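What you see is a predicted model; the values in this text were computed from it and never measured. Quick note: numbers below take in every heavy atom, side chains included, and nothing from hydrogens, waters or symmetry partners.
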Amino acid sequence: MTEKVRVRFAPSPTGHLHLGGARTALFNWLYARHTKGTFILRIEDTDRTRSTEEYIESIIESLKWLKFDWDEGPYRQTDRFEIYRSYAKKLLKEDKAYYCYCSPEELERRRTEALAQGRPPKYDGRCKGLKEPPTGRIPVIRFIMPQEGETIVEDLIKGRVVFENANLDDLIIMRSDGTPTYNFTVVVDDVDMNITHVIRGDDHLNNTPKQIHIYRALGYDVPLFAHLPMILGADKTRLSKRHGAASALAYKEMGYLPDALVNYLARLGWSYGDQEVFSRAELIQYFSFENVGESPAIFNTEKLLWLNGFYVNKSRPEELGELVIPFLIKEKIIREGRTLDKDWLSKAIMTLKERSKTLVELANSLKYYIVEEVEYEPKAKDKFLNEKTLIYLVEVNEEFEKLEDFVAPEIEKIFKALIERHDTKLADIAQPVRVAMTGKTESPGIFDVLEILGKEKVLRRLEKAIKTIG
RNA sequence: GGUCCCAUCGUCUAGAGGCCUAGGACGUAGCCCUCUCAAGGCUAAAACACGGGUUCGAAUCCCGUUGGGACCGCCA
């Protein structure tokens, strides 16, 4: 019982790491870190036709981005075929498995027939104890499932789940091409890697009794199981590409912060009282299966976006400065290789981070600080750059030309003086200037915007605005 | 069709028989703050799927119904 916890995340590289997988990885990682146990990464690539190197790399990249560091692996099942073969041989020798010569076509036909007649599509075991194997056929190996009694799964999340063994059928553990199948490799690997807790999606709950029998046949204790509820799309079906961005990396590209995604994913199916925001340290400290829910959760992008905004706002500007560069390049705001002054960038980001929910938004807002020529939004231009506002722009321009120390407090003094002289409100002057500076009607505080742009750019933009009206 | 899982505001959830006039968060609406937009603060609308039990008492326990989901491959 005081055995050291060993858990694994075992994706199959037939696609990018999707959000469901990311959450499974997260809970495994959290449990390992919470118990000071070992987190193992294992790539389940036995399906050679669908697994690709590209996906393996993509999954690893996602895991790194999310900062789920693993202690062992990545192991690859394709490197371990000899192990599975020897275990299969052992089962054969002990009469716990047998060769089956039924062809895939026959199997498929029987399955559809059974389904059409409303019967469960269960293999009938006809090849078990075959005296004279047919010639010219390469067999598969099937594992003999017990047909009597029941199998009980004591799940850490679902509680006690009972299965009738009569519903189990002899499953294929080795294909005719000599490669092993999933339900066999998981068990062999989990045994071989001393896995103590199997934490996975509850789409695997139905596989569990089959696997339990394989553990027993192999002569090993079964690990503890924890089946996580699924993550669903807005239409309440299993999350997939149809629901828009379903891969973890897609969120990276959309300018999400890994900590925000992790925080969001953790709160999907897990809770700790009323707390919504968790640092990684808190997540590790508080994580427990008792607080994992049992019902599926719908993935809600709005809450994720809110959390991301929260994390962006909370991040240090220097940190965001580093992170936003790739997005500035991607959005074609700066050329690759161009460097921005770090202190200046931090100052600019300071004004923007509380109003940016993603790094993409941040990059796009940064645009008007960086580019040479502002573009006016037509509506903004019509409303604020006209004969009525011309006088303010001209006077602001005149005052700025004389201003030596071009900083926010000095700029503010100029505005104050102008307000008094014209007996007007700040908004009447600030808005036209804002449009002249940013092309938009919304921006950070105008004094900060002006300081960050700097005297030279400000004067140029004022002159352009004045010219536009005239 | 069979097996299994699940069921509290639109969404994520708190709730371990009396603390529940069901709490928090996102989103929505309103107000405050305010040079705009945000951020922040305050307020509001919004849920125990249904029916039976058990109990002095049920969102909480049991059964059923309904609804949703997953799985039933020589995929994982």
Length of the CE-P vector between A:Met230 and B:rU11, whole Å | 19 Å

Considering Watson-Crick and G-U wobble pairs with both distances under 3.5 Å, what does B:rG40 pair with?
-> B:rC32

For B:rC20, which nucleotide is its Watson-Crick or G-U wobble mate, given both distances must be under 3.5 Å?
-> none

How does protein reach along nucleotides 24-39 of chain B, written 5' to 3' as B (base within reach of a heavy atom under 4.0 Å), S (only sugar-phosphate), or - (no contact)?
-> BBSS-------BBBBS

Determine the contact category for A:Arg111: base if any of its heavy atoms lies under 4.0 Å from a base atom, sugar-phosphate if only primed atoms, P, OP1 or OP2 are that close, otherwise nothing.
-> sugar-phosphate

Answer with base, sugar-phosphate or nothing: what part of the nucleic acid does A:Val186 contact at a heavy-atom distance below 4.0 Å?
-> nothing

Nearest-Å distance once atom C1' is located in both B:rG18 and B:rG57 | 7 Å

A:Asn207 near the nucleic acid: base, sugar-phosphate alone, or nothing, with a heavy-atom cut-off under 4.0 Å?
-> base

Would you indicate what A:Pro296 reaches in the nucleic acid, counting non-hydrogen atoms under 4.0 angstrom: base, sugar-phosphate, or nothing?
-> sugar-phosphate

Please give the nucleotide sitting opposite B:rG10 as a Watson-Crick or G-U wobble pair, both distances under 3.5 Å, or none.
-> B:rC26

From NE2 of A:His227 across to C1' of B:rA76 the rounded distance in Å is 13 Å

Look through every strand shown and name the nucleotide pairing with B:rA49 as Watson-Crick or G-U wobble, where both distances are under 3.5 Å.
-> B:rU65

Among the nucleotides B:rG1, B:rG2, B:rA76, whichever has the atom closest to the side chain of A:Asn167 is B:rG2

Whichever of A:Phe310 and A:Gly293 has the more 5' nearest nucleotide on RNA chain B, that residue is A:Gly293

Span that lies between the P atom of B:rC6 and that of B:rC63, in whole angstrom = 12 Å

Shortest non-hydrogen separation from A:Ser443 to A:Arg355 and the atoms involved | O-NH1, 3.7 Å

Regarding the side chain of A:Asn206, the nearest nucleotide among B:rA16, B:rC4, B:rA76 is B:rC4

Rounded P spacing from B:rG27 to B:rA38 in Å | 12 Å

Separation of the C1' atoms in B:rG68 and B:rG73, to the nearest angstrom | 25 Å

Please state the P separation for the pair B:rC33 and B:rG24 - nearest whole angstrom.
-> 25 Å

C1' atom, B:rA16 versus B:rC48: distance in rounded Å?
-> 16 Å

Counting only Watson-Crick or G-U wobble pairs whose two distances fall under 3.5 Å, which nucleotide matches B:rU3?
-> B:rA70

Please work out if A:Ser176 contacts a base, only the sugar-phosphate, or nothing of the nucleic acid, heavy-atom cut-off 4.0 Å.
-> base

Considering only the P atoms, how many Å lie between B:rU3 and B:rA59, rounded to the nearest integer?
-> 32 Å

Considering only side-chain heavy atoms of A:Ala297, which listed nucleotide, B:rA76, B:rC12, B:rC74, is closest?
-> B:rC12

Separation of the P atoms in B:rG64 and B:rA45, to the nearest angstrom | 38 Å

